[in-house]
There are 2 protein chains.
Amino acid sequence: MTLRHAVLGLLADRTASGYDLMKVFDTSLANVWPATQSQVYGELGKLAGSGLLEVSAEGPRGRKEYTITQQGIDELRSWLIDTEPDRTRRSETLLRVFFLGVLTPVESVTYLSVEAARAADEHTELERLEAQVDWGDDDLSVYGRLALEYGLRLTAMQEEWASWARDQVAGLT
Amino acid sequence: MTLRHAVLGLLADRTASGYDLMKVFDTSLANVWPATQSQVYGELGKLAGSGLLEVSAEGPRGRKEYTITQQGIDELRSWLIDTEPDRTRRSETLLRVFFLGVLTPVESVTYLSVEAARAADEHTELERLEAQVDWGDDDLSVYGRLALEYGLRLTAMQEEWASWARDQVAGLT
DNA sequence: AATTACATGTAATGAGTTACATGATTGT
DNA sequence: ACAATCATGTAACTCATTACATGTAATT
């Protein structure tokens with residue numbers, strides 16, 4: 001039930017088409033709540049069908065612009081205030097750490113080195129993004145920056161942890 | 001395709017039944033790769049059917065003990081060495097941050113305070129776990145500790161970030 | 001004229017959750 | 001006798017991914 005609220009949240013900020021929303025899912029939300037085109041178009045149809053959105057304009061090439069209704073805003077607020085986020089996490093990267101015993105020490109050290117490098121790369125990429133984006137003072141910019149800061153802290157932590165873990169494993173030999 | 005390898009990884013350490021594996025999925029792996037009973041039993045059946053596992057003993061109450069085969073070990077090693085982990089992340093907690101603009105500043109501050117407290121609680125819980133568990137020197141203990149350290153660093157980071165973000169939002173008024 | 005960007009949709013498959021269904025063994 | 005634990009399995013449903021299918025409008 002989260003994609004549903006992601007769509008409502010984006011349309012609470014501004015009216016948009018499925019095509020417009022996909023650009024946001026592929027950029028700002030790519031590391032937070034990825035979604036595919038088929039998911040988004042399907043969800044827009046369902047939300048419009050149940051009155052949380054309405055088609056406020058139709059443009060060239062079959063374009064449909066969706067606007068959130070009062071019912072949609074109520075649903076979004078109630079989701080934010082009355083429900084707890086699902087905090088289930090899956091990390092394939094970390095799962096693999098459990099099984100490093102089946103590899104040789106050299107192979108394990110390589111695995112952790114690659115993870116450290118990947119975290120460092122991602123961190124650099126986020127710094128680049130932060131410098132490059134033209135941050136406005138609209139809601140999505142203000143709160144999007146808080147989310148970006150989370151990404152910066154996360155990738156920094158991951159790099160430090162992976163380097164530490166690599167040294168731990170290297171020390172076992 | 002990851003649950004499959006989680007099962008193989010656990011059975012590479014020791015022979016076990018589905019029931020035994022569920023205890024691990026509900027404890028050590030609960031925050032890394034959660035799985036339900038119906039998933040695990042299903043996967044064991046498929047893996048035995050394709051020769052990566054075999055039923056090495058049958059016990060009371062229909063208990064079946066599974067042992068990994070050489071083919072299973074090969075598959076596990078090839079997964080670890082030749083394939084990249086899927087790093088797709090979804091965070092409902094962070095998604096909500098994007099939409100805090102629809103709440104009042106007070107409501108947003110509350111949301112971030114709750115997140116900070118939750119991260120602090122989880123951190124404390126992990127510290128308790130670290131002290132309590134009888135860490136052996138088997139592979140799963142050694143590498144499980146590295147994963148636990150990741151959890152400690154993650155929850156510490158989350159608490160700091162949420163407190164920082166709360167202060168940022170409080171400063172907007 | 002050709003390419004790129006715009007724009008929406010369906011179908012098949014796989015992964016994960018929840019609920020149901022059933023029963024045997026052990027310990028008190 | 002009762003309760004707790006052990007033990008496996010199926011069915012229905014939802015969510016997410018990948019691939020397919022189709023066509024229009026704007027730019028170079």
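Hydrogens, waters and symmetry mates are skipped; everything else that's a heavy atom, side chains included, is used.
Tyr19(A) has its OH atom 15 Å from the P atom of dA25(D), to the nearest Å. Rounded to an integer number of Å, the gap from CZ of Arg89(A) to P of dG16(C) is 17 Å. As rounded to whole Å, 19 Å separates atom P of dC6(C) from atom NZ of Lys64(A). Straight-line distance from the CG atom of Leu21(B) to the C1' atom of dC6(D): 14 Å, rounded to whole Å. In this structure, Glu43(A) places its CD atom 15 Å from C1' of dT17(D), rounding to the nearest Å. Rounded to whole Å, atom C1' of dT5(D) lies 15 Å from atom CE of Met22(B). In this structure, the CG atom of Leu3(B) is 20 Å from the P atom of dC15(D), given to the nearest Å. Per the geometry, CD belonging to Glu58(A) stands 15 Å off C1' belonging to dT24(D), to the nearest Å.
Although no hydrogens or angles enter the test, the distance criterion places no donor-acceptor pair under 3.5 Å between the side chain of Thr67(A) and the main chain of Thr15(A).
For the pair Leu3(A) and Phe25(A), the minimum side-chain heavy-atom distance is below 4.5 Å. The shortest distance between side-chain heavy atoms of Leu44(A) and Val40(A) falls below 4.5 Å.
Nearest nucleotide to the side chain of Asp20(B), out of dG9(D), dA7(D), dT17(D): dA7(D). The side chain of Arg63(B) sits closest to dT8(D) out of dA7(C), dT10(D), dT8(D). Nearest to the side chain of Tyr41(B), among dA19(D), dG9(D), dA16(D), sits dG9(D). Residue Gln39(B) has its side chain nearest to dT17(C) when only dA7(D), dT17(C), dA7(C) are considered. Candidate nucleotides dT10(C), dT8(D), dT17(C) were compared by shortest atom distance to the side chain of Gln37(A), and dT10(C) ranks first. Between dA16(D), dA25(D), dT5(D), one nucleotide has an atom nearer to the side chain of Arg61(A) than all others, and that is dA25(D).
Side chain Ser38(A) to base dT18(D): a donor-acceptor pair is found below 3.5 Å.
Residue Thr2(A) is classed as having no contact, given no heavy-atom separation below 4.0 Å to the nucleic acid. Arg4(A) comes within contact range of no nucleotide atom at all, as no heavy-atom separation falls under 4.0 Å.
Using cut-offs of 30° and 60° on the angle between ring planes, the pair Trp161(A) and Tyr150(B) is perpendicular.
Two residues, Pro34(A) and Pro60(B), neighbour DNA chain D, and the one matched to the more 5' nucleotide by heavy-atom proximity is Pro60(B).
Across all their heavy atoms, Tyr66(A) and Ala48(A) have their closest contact at CE2-CB, 4.0 Å.
Applying the 4.0 Å criterion to OP1 and OP2 of dA5(C), one finds that Lys23(A) has every side-chain N and O outside that range. Listed pair Arg90(B) / dT17(D) meets the phosphate criterion, a side-chain N or O lying under 4.0 Å from OP1 or OP2.
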